[in-house]
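Basis for what follows: all heavy atoms, side chains included, without hydrogens, waters or symmetry-related copies. Just so it is clear, the model here is predicted, and its values are computed rather than measured. Convention: sequence-line order gives letters A, B, ...; per-chain numbering from 1.
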There are 2 protein chains.
Amino acid sequence: MTSKGIKPKIETQGMDISVDCVVFGFDNDQLKVLLIEQKQPIDTSIKTQKAVPGDLVMDNESLDEAAARILKELTSLKGIYLKQFFAFGDPNRVRGLKDQQWLRTFRVNPERRVLTVGYYSLVKLSEFKPKAANFAGNAYWVDVYNIPSLAFDHNEIVHKALLMLRHELMADHIGFELLPEKFTLSQLQKLYEIILDKKLDKRNFRKNILRTETLTPLKEKQQGVLHKPAQLFKRKLK
Amino acid sequence: MTSKGIKPKIETQGMDISVDCVVFGFDNDQLKVLLIEQKQPIDTSIKTQKAVPGDLVMDNESLDEAAARILKELTSLKGIYLKQFFAFGDPNRVRGLKDQQWLRTFRVNPERRVLTVGYYSLVKLSEFKPKAANFAGNAYWVDVYNIPSLAFDHNEIVHKALLMLRHELMADHIGFELLPEKFTLSQLQKLYEIILDKKLDKRNFRKNILRTETLTPLKEKQQGVLHKPAQLFKRKLK
DNA sequence: TTTTGAAAGTGTATTTTTCACACGAAGTAT
DNA sequence: ATACTTCGTGTGAAAAATACACTTTCAAAA
């Protein structure tokens with residue numbers, strides 16, 4: 001096996017690149033992921049599939065731009081927290097029978113290999129305006145700990161997104177991205193507990209989170225609760 | 001701007017996917033990165049460029065497989081530490097004039113957009129067998145803190161690889177991947193100091209690294225040094 | 001054989017961080 | 001007034017991080 005010979009130019013057939021967004025939301029009780037449902041085909045005996053929202057990257061678009069576009073089409077929200085976390089490139093990741101059926105309904109080249117770059121995003125459910133994107137039927141939230149069987153390799157993508165979110169939550173304290181602008185420490189703690197899937201001690205949590213200096217205490221208190229109202233905080237800017 | 005209408009199927013022109021490998025090596029003194037040099041074109045007035053080794057992902061190949069193949073072509077080594085760290089998707093990342101000149105010498109579709117997935121790998125310089133891969137001219141090592149100007153977006157890729165390597169070194173203690181099979185704690189400490197770019201205390205370093213239980217002490221000692229020979233260690237298996 | 005040079009190897013005291021743990025205060029509803 | 005619910009807080013113990021200096025071991029040279 002010598003390598004002295006001149007290598008011929010190898011032609012690859014070209015691939016599609018897509019971006020898939022694992023959109024996380026928090027409803028004070030569960031960490032949710034936004035799924036879209038395949039539009040019901042004319043042949044109504046075909047069982048529709050579910051997936052994470054995603055789309056092809058357009059020819060002049062960067063990956064970050066594609067992710068932002070997908071998110072905006074779906075949620076009408078701009079300026080949302082978005083982070084690339086992994087590229088999924090198995091050559092057969094869209095080769096399932098039902099995956100192909102679905103792709104044929106909206107892709108010009110459904111048989112083409114597609115590499116997808118995974119992003120996750122954190123949205124405030126309170127600001128969320130549901131909207132069916134034109135690449136999908138309905139969109140809806142499901143508990144991240146009860147994800148149904150998804151199309152393509154999307155179960156793996158969601159799982160990896162959750163692992164990366166956990167890391168980043170610990171390292172960079174980005175939890176407030178999932179909460180309303182003003183929130184209490186108890187809300188924040190519950191968010192951490194659900195994302196990390198473990199109980200935390202209240203006093204230690206407060207000490208730790210305040211030491212990071214990522215929060216600004218407000219003069220306001222919680223309103224309309226039937227118990228002692230808690231102090232509100234917001235994220236510290238810069 | 002309504003979205004009620006049916007979206008036409010959008011055709012993207014398809015992209016090439018490449019994998020670029022930032023190969024790190026350690027020579028007891030510097031952390032090095034392996035670069036390849038563009039083969040000198042017939043027009044010898046053209047100044048050749050340097051880059052990180054990389055190649056297109058073949059049609060039936062996963063990303064991990066492509067990275068392993070590139071590395072094997074270049075180093076003849078198998079079973080090397082390899083880790084995906086980021087996807088670089090700027091639509092104009094190969095649009096420089098000299099980048100295009102280079103691509104035309106070995107790509108069938110040099111004008112095609114190419115997304116690259118960055119991997120970094122850790123090799124033991126002691127086992128390294130230099131070998132010009134057929135996608136490049138010579139390969140050589142340069143100090144990671146003195147990288148020359150590279151083709152494409154490869155300076156950015158190397159920089160990001162170094163940041164990721166630092167993180168992983170702290171978190172997972174993978175330093176021994178860069179050292180010979182048997183090594184001393186002083187060698188390991190120096191490696192950490194160079195990667196992290198800061199001085200460490202000898203006693204504290206030893207306490208910490210031994211507490212991680214990633215190393216096995218050997219009964220052997222260093223040979224052929226003109227001072228007290230140090231105890232040798234190897235990575236703990238499992 | 002003694003001396004010299006060079007890196008190896010080792011312990012302790014201080015500070016900081018982590019962890020475990022319980023109760024009175026403040027508000028609402030009845 | 002009482003009951004209910006969540007808020008908000010401190011301390012002691014254990015573990016981890018940090019700062020810091022001297023003796024030992026070997027080979028080479030004198």
Side-chain angles (χ1 to χ4, degrees), chain A residues 26-30 166-167 169-173 175-176 179-180 182-234 236, chain B residues 26-30 166-167 169-173 175-176 179-234:
Chain A
F26 180 64
D27 71 353
N28 283 312
D29 210 32
Q30 291 185 323
R166 282 182 184 158
H167 268 122
L169 182 67
M170 301 291 281
D172 299 341
H173 297 287
F176 46 70
L179 292 175
K182 301 173 183 180
F183 52 86
T184 69
L185 293 184
S186 292
Q187 283 176 290
L188 188 62
Q189 181 179 342
K190 187 142 187 208
L191 171 61
Y192 272 66
E193 290 179 338
I194 290 171
I195 293 178
L196 302 176
D197 200 22
K198 68 174 174 195
K199 207 87 181 101
L200 301 173
D201 176 81
K202 180 155 66 159
R203 281 169 292 188
N204 293 334
F205 177 78
R206 285 166 184 240
K207 252 182 288 176
N208 291 335
I209 204 73
L210 292 175
R211 191 160 35 78
T212 65
E213 308 215 319
T214 50
L215 303 183
T216 306
L218 301 175
K219 300 219 175 66
E220 291 172 72
K221 303 205 159 195
Q222 211 178 12
Q223 303 241 327
V225 287
L226 58 164
H227 54 74
K228 176 173 175 180
Q231 181 172 28
L232 291 170
F233 289 76
K234 63 174 182 175
K236 178 170 286 181
Chain B
F26 180 64
D27 70 355
N28 283 312
D29 211 33
Q30 290 186 323
R166 283 181 183 157
H167 267 122
L169 182 66
M170 301 291 281
D172 299 341
H173 297 288
F176 47 70
L179 293 176
E181 196 199 343
K182 302 171 182 181
F183 51 86
T184 69
L185 293 184
S186 292
Q187 282 176 290
L188 189 61
Q189 181 179 342
K190 186 141 188 209
L191 172 61
Y192 273 68
E193 289 179 340
I194 290 172
I195 293 179
L196 303 175
D197 201 22
K198 67 173 175 195
K199 212 70 189 113
L200 300 174
D201 176 80
K202 180 154 66 157
R203 283 171 290 192
N204 295 335
F205 176 78
R206 285 164 185 241
K207 254 182 288 176
N208 291 334
I209 204 72
L210 292 176
R211 195 161 31 76
T212 65
E213 309 216 319
T214 50
L215 303 183
T216 306
L218 301 174
K219 300 219 173 66
E220 289 172 74
K221 303 206 157 194
Q222 211 179 13
Q223 303 242 326
V225 287
L226 58 165
H227 54 74
K228 175 172 177 178
Q231 181 171 29
L232 292 170
F233 289 78
K234 63 174 182 173

Relative to the 5' end of DNA chain C, which residue comes earlier, B/Pro229 or A/Lys221, by the nucleotide with the nearest heavy atom?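 Result of the comparison: B/Pro229.
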
Less than 4.0 angstrom between a side-chain N/O of B/Ser186 and OP1 or OP2 of C/dA8, yes or no?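 So the side chain of B/Ser186 is within the cut-off, an N or O lying under 4.0 Å from OP1 or OP2 of C/dA8.
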
Please determine whether a side-chain nitrogen or oxygen atom of B/Arg206 lies at a distance below 4.0 Å from atom OP1 or OP2 of C/dT10.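 No, because none of the side-chain N or O atoms of B/Arg206 sits under 4.0 Å from OP1 or OP2 of C/dT10.
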
On the 0 to 90° scale, with breaks at 30° and 60°, tag the A/Tyr192-A/Phe205 ring pair as parallel, tilted or perpendicular.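 Perpendicular: the ring planes of A/Tyr192 and A/Phe205 meet at over 60°.
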
What's the closest nucleotide to the [X] side chain, out of [options]?
X: A/Asp201; options: C/dC21, D/dA28, D/dC20; answer: C/dC21
X: B/Arg203; options: C/dA8, D/dA21, C/dA29; answer: D/dA21
X: A/Lys207; options: C/dG9, D/dC7, D/dG10; answer: D/dG10
X: A/His227; options: D/dT18, C/dC21, C/dG27; answer: C/dG27
X: B/Arg211; options: D/dA17, D/dA21, D/dT9; answer: D/dA17

Euclidean distance, atom [atom1] of residue [X] to atom [atom2] of [N] [Å, nearest integer]:
X: B/Leu226; N: D/dA29; atom1: CG; atom2: C1'; answer: 12 Å
X: A/Lys202; N: D/dT6; atom1: NZ; atom2: C1'; answer: 6 Å
X: B/Lys228; N: D/dA27; atom1: NZ; atom2: C1'; answer: 14 Å
X: A/Leu185; N: D/dT6; atom1: CG; atom2: P; answer: 16 Å
X: A/Asn204; N: D/dT9; atom1: CG; atom2: C1'; answer: 12 Å

Is there a donor N/O on one and an acceptor N/O on the other, under 3.5 Å, for the side chain of B/Asn208 and the base of D/dA16?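 Between D/dA16 and B/Asn208, which were checked side chain against base, a qualifying N/O pair under 3.5 Å is absent.
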
What's the spacing between A/Lys202 NZ and A/Leu185 CG if we round to 0.5 Å?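 Separation between the atoms: 10.0 Å.
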
What does B/Gln222 touch in the nucleic acid at a heavy-atom separation under 4.0 angstrom: a base, only the sugar-phosphate, or nothing?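 No contact at all - B/Gln222 keeps every heavy atom at 4.0 Å or more from the nucleic acid.
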
Classify B/Thr184 by what it touches in the nucleic acid, base, sugar-phosphate, or nothing, heavy-atom distance under 4.0 Å.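 Answer is nothing: B/Thr184 stays at 4.0 Å or more from every strand.
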
Taking all atoms of both residues into account, what is the closest heavy-atom pair of A/Gln189 and A/Leu200, and its distance?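 That closest heavy-atom pairing would be NE2-O, 3.0 Å.
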
For A/Gln222 and A/Pro229, indicate whether the former's side chain and the latter's backbone hold a donor-acceptor pair under 3.5 Å.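 Not at all, since once roles are kept as given, no pair shorter than 3.5 Å links the two residues.
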
